[in-house]
There are 2 protein chains.
Amino acid sequence: MMFSKACEYGIRAAVYVTLQSLEGRRVGVNEISEEIDSPIAFTAKILQQLTRNNIIHSVKGPNGGFEIDPEDMNSAKLSMIVKAIDGDKIYTGCGLGLKECNAQKPCPLHDKFLDIRNNLSTMLTSTSLYELATGLEVGLTYLKR
Amino acid sequence: MMFSKACEYGIRAAVYVTLQSLEGRRVGVNEISEEIDSPIAFTAKILQQLTRNNIIHSVKGPNGGFEIDPEDMNSAKLSMIVKAIDGDKIYTGCGLGLKECNAQKPCPLHDKFLDIRNNLSTMLTSTSLYELATGLEVGLTYLKR
DNA sequence: CAAATAAAAGACAATTTTATCTTAAATGTT
DNA sequence: AACATTTAAGATAAAATTGTCTTTTATTTG
Ligand code: FES
Ligand code: FES
């Protein structure tokens, strides 16, 4: 709706990886997709994207899996995940679908849309994986239902 | 990105119909899709939806076309179009894709997402077709580029 | 080194969204 | 009444997104 399905899974997966890395555990695709209730093979693809974009880190072989360096948890923002998976149309696209959002030749919704989009953008660039994982840790939030 | 393509076309079409109805002109699908730069047959389908939902009015036959009663221009809000075409997942869906947004068992993004969503929702329910058409009328905004 | 494990990569399949085309129904004009 | 015009409806088609399956590559362990 706001994000693609791939992006939703990507965020949930990244948050779960963060939570587990906080405990020093590396996690595999099977566990991840189980815990965030997502299609496993599709989730694997998405984790690959996150890895290629250096948002999380992967290790092959026995006892391998995905992890995120605790040092990076705070600097890893939602905006990075969204950009890696959905691209930046959410930041640069016109709300009414004109080629590009352009203040010189704005669509009728431009001003109002820009407002919303800036809110969203600010939220995404200021929210870290660490922040999201901590709510989970204390049982206040959920990644599946 | 935020709205489906169908919804984008729907809003642009509705605004164009409003603009023309302001001048007392009824407009056909061909002219509409020309003026908003959208695929014609697809646009026709979308206009059907808007008509079925009583957002605009259609007249068949020679000199027929689409129009909106000037009395309705102010009460016709963007939220109606979005709801008619994209449904209400934009209002009730969870940002991270959990079955439904639910404050009792919130996803990690719930609070922040709700904020954005409320902004968006308020914007959509308070913006009328009339308001959007007037900007166009005076040449400040555009429906195609 | 061989075997087992786990991610990476690539081909393929299903579903949804976007888009087109054809026929039918309604309405005004001659 | 016949005809032209224009929306409505329904059947298809194309493209994009979502999802699966198989093979390859890297790494650990015995
Ligand atoms: S031009 Fe449409 S949102 Fe800026
Ligand atoms: S539960 Fe996810 S947005 Fe409310």
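The basis for the numbers below is simple: all heavy atoms, side chains too, and nothing from hydrogens, waters or symmetry mates. From a predicted model like this one, the values you see are computed outputs, not experimental measurements. Order of the sequence lines sets the chain letters (A, B, ...), proteins ahead of strands, with each chain counted from 1.
- Where DNA chain D meets chain A (any atom under 4.0 Å from a heavy atom), the bounding nucleotides read 5' to 3' are dT18(D) to dT28(D).
- Heavy-atom nearest nucleotides on DNA chain C were determined for S58(A) and for C7(B), and the one closer to the 5' end corresponds to S58(A).
- Within the hydrophobic cluster formed by Ile, Leu, Val, Met, Phe, Trp and Tyr side chains joined at under 4.5 Å, directly or through other members, L140(B) is accompanied by V138(B).
- Running 5' to 3' along DNA chain C, contacts with non-hydrogen atoms of chain B at under 4.0 Å begin and end at dT18(C) to dG28(C).
- Near DNA chain C, meaning a heavy atom under 4.0 Å from it, residues 27-56 of chain B has P39(B), A41(B), F42(B), K45(B) in order of number.
- Under the rule for a side chain to side chain contact (heavy atoms under 4.5 Å, CB included), the partners of T134(A) that lie at least two apart in sequence or sit in another chain are Y130(A), E137(A).
- Across all strands shown, G64(B) has heavy atoms under 4.0 Å from sugar-phosphate atoms exclusively, and none from any base.
- Judged purely by distance below 3.5 Å, without hydrogens or angles, the side chains of S38(B) and T43(B) pair a donor atom with an acceptor atom.
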Apply side-chain contact (heavy atoms from CB on, under 4.5 Å) to F66(A) and L50(A), showing your working.
CA-CA 10 Å; F66(A) 298 87; L50(A) 296 182; over 6 Å; no
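- Partner of Q20(A) under the side chain to side chain donor-acceptor pair (under 3.5 Å) criterion, out of E35(A), R25(A), R26(A): R25(A) alone.
- The aromatic rings of Y9(B) and F42(B) stand perpendicular to each other, their planes meeting at an angle above 60°, with 30° marking the opposite boundary.
- Annotation for E100(A): atom CD does not count as buried by contact number, only 12 or fewer foreign heavy atoms lying within 6.0 Å.
- In summary, the side chains of T127(A) and K112(B) do present a donor paired with an acceptor at a separation below 3.5 Å, with no hydrogens or angles considered.
- Within a 6.0 Å radius of NZ in K77(B), other residues, nucleotides and ligands contribute more than 12 heavy atoms.
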N/O donor-acceptor pairs under 3.5 Å from side chains in residues 51-64 of chain A, not counting sequence neighbours:
from   : atom 1 : to     : atom 2 : distance (Å)
T51(A) : OG1    : L47(A) : O      : 2.8
N53(A) : ND2    : Q49(A) : O      : 2.8
H57(A) : ND1    : E67(A) : OE2    : 3.1

